[in-house]
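A quick write-up on the structure given underneath.
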Amino acid sequence: MQIPKINPYFALAIGVASVSFSAILVKLASAPSGVIAFYRLLFTVLLMLPVFIIKYRHELKFIEKKDWLCSIAAGVFLAFHFILWFESLNYTSVASSTVLVTLQPLFAFAGAYLFFKERFSMKAILSGIIAIAGSLVISWGDFRISGMALWGDILSLVACALVTGYLLFGQNVRKRISSITYTFVVYAISAFTLFFYVVLKGEPLGPYPTVDWIYFVLLAIFPTLLGHSLFNWSLKWLSTSTISMGILLEPIGATILAYFILGEPILWTQILGGTIILAGLMIFLKDEQNSKVQKKEAVSI
């Protein structure tokens with residue numbers, strides 16, 4: 001495999017910082033959840049369209065049937081991930097929602113084992129448990145504030161499972177298709193799915209306040225193009241489990257942003273949980289790095 005021009009871990013960090021703005025922008029928008037998700041993906045596809053047509057459209061004829069099926073599944077999973085997660089923000093706080101929606105190692109470890117036969121060291125499993133425990137500490141403090149958040153928490157958890165499925169479907173496809181082509185195809189499928197969802201549900205596509213359209217565009221640029229697109233690019237170099245562990249940092253960034261922008265308080269449980277998450281993340285990434293070094297040494301021998 002060729003050496004990437006950009007360190008994939010650096011790309012992952014930029015992606016996590018970008019998606020941290022997602023919950024904030026969704027909270028600020030007044031449109032229904034399905035509409036916000038639709039315009040987020042629509043504007044993303046429109047922004048990517050010129051580059052795709054000029055440089056990458058020829059790659060469509062090289063996509064095999066199985067890759068089309070996986071891309072369609074990934075697009076549908078992503079669409080409903082956005083719907084359920086955005087809806088959860090109507091019922092619970094940014095901290096609680098982002099914590100639950102980023103508990104992806106819980107699903108990624110199981111999915112990678114069942115579908116791709118990936119094996120994990122005890123240290124990697126332990127680090128995942130530590131990070132998930134940190135997430136639960138954050139959510140525990142938030143749960144105590146309002147029992148009405150239960151429905152939002154359930155929606156967030158289901159959204160978490162869906163986005164993990166989206167990443168798992170893309171893991172193998174991304175190794176055979178360029179990042180731009182794969183991302184454009186999946187986002188287009190997702191936007192198509194969301195359009196039919198909005199129409200069937202009877203949610204109006206407009207008019208909305210000017211500020212809402214600004215939020216839609218910002219959602220397309222930052223969390224999507226600089227967030228999920230970088231995750232898609234990273235799939236060629238990093239495993240789904242590694243990306244899922246990195247995304248666990250999103251609740252920390254989102255909680256800090258919610259404090260300054262939305263005025264949501266930061267609880268001591270969120271600080272403690274964030275520290276535990278970072279500890280688990282560092283253990284996992286260190287173990288992943290050691291594992292790669294050992295594999296290279298074994299091949300050289």
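Computation of the quantities below employed the complete heavy-atom set of this structure, encompassing side-chain atoms and omitting hydrogens, waters and symmetry-equivalent molecules.
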With [X], which residues qualify under side-chain hydrogen bond (donor to acceptor under 3.5 Å, both in side chains), at least two apart?
X    : value
Y166 : N232
T181 : E59, S178
R57  : none
Y187 : S229

Give, for atom [atom1] of [X] and atom [atom2] of [Y], the distance between the pair rounded to the nearest 0.5 Å.
X    : Y    : atom1 : atom2 : value
N7   : S234 : CG    : OG    : 9.5 Å
I180 : W233 : CD1   : CH2   : 11.5 Å
L249 : S20  : CG    : OG    : 8.0 Å
L28  : L25  : CG    : CG    : 6.5 Å
I177 : C70  : CD1   : SG    : 9.0 Å
I261 : I24  : CD1   : CD1   : 5.5 Å

In this structure, would [X] and [Y] fall into the same cluster of hydrophobic residues linked by side-chain contacts under 4.5 Å?
X   : Y    : result
L69 : F169 : no
I54 : L225 : no
V51 : I53  : yes

Side chains of [X] and [Y]: closer than 4.5 Å at any heavy-atom pair?
X   : Y    : value
S88 : D153 : no
L12 : L238 : yes
L60 : W68  : yes

Can you give each donor-acceptor pair under 3.5 Å made by side-chain atoms of residues 74-86, sequence neighbours left out, with the distance rounded to 0.1 Å?
from	atom 1	to	atom 2	distance (Å)
H81	ND1	A159	O	2.9
W85	NE1	S97	OG	2.8

Tell me which pairs pass salt bridge (charged side-chain N to carboxylate O under 4.0 Å, His left out) where either residue lies in [range], with sequence neighbours left out.
range            : value
residues 180-204 : K201-E203
residues 66-87   : D67-R176
residues 42-55   : none

**Message:** Run the side-chain contact (heavy atoms from CB on, under 4.5 Å) test against L42 and tell me which residues pass, sequence neighbours left out.
**Reply:**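 side-chain contact (heavy atoms from CB on, under 4.5 Å) check on L42 returns F38, Y39, L46.
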**Message:** Going by the rule side-chain contact (heavy atoms from CB on, under 4.5 Å), which residues pair with I276 if we only count those two or more places apart in sequence or in a different chain?
**Reply:**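 Expected list: I130, V137, L272.
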Considering all heavy atoms of both residues, which atom of [X] and which atom of [Y] are nearest to each other, and what is their separation?
X    : Y    : value
L230 : L226 : CD1-O, 3.0 Å
P204 : V35  : O-CG2, 3.4 Å
A220 : L47  : CB-CD1, 4.3 Å
L219 : S22  : CD2-O, 3.8 Å

**Asked** Restricting to pairs with a member in residues 205-222, which pass side-chain hydrogen bond (donor to acceptor under 3.5 Å, both in side chains), not counting sequence neighbours?
**Response**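 For residues 205-222, and leaving out neighbouring residues, the side-chain hydrogen bond (donor to acceptor under 3.5 Å, both in side chains) pairs sorted by first residue read S30-D212.
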**Sequence neighbours excluded - side-chain hydrogen bond (donor to acceptor under 3.5 Å, both in side chains) pairs with any residue from residues 250-266** =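 Residue pairs with at least one partner in residues 250-266: there are none.
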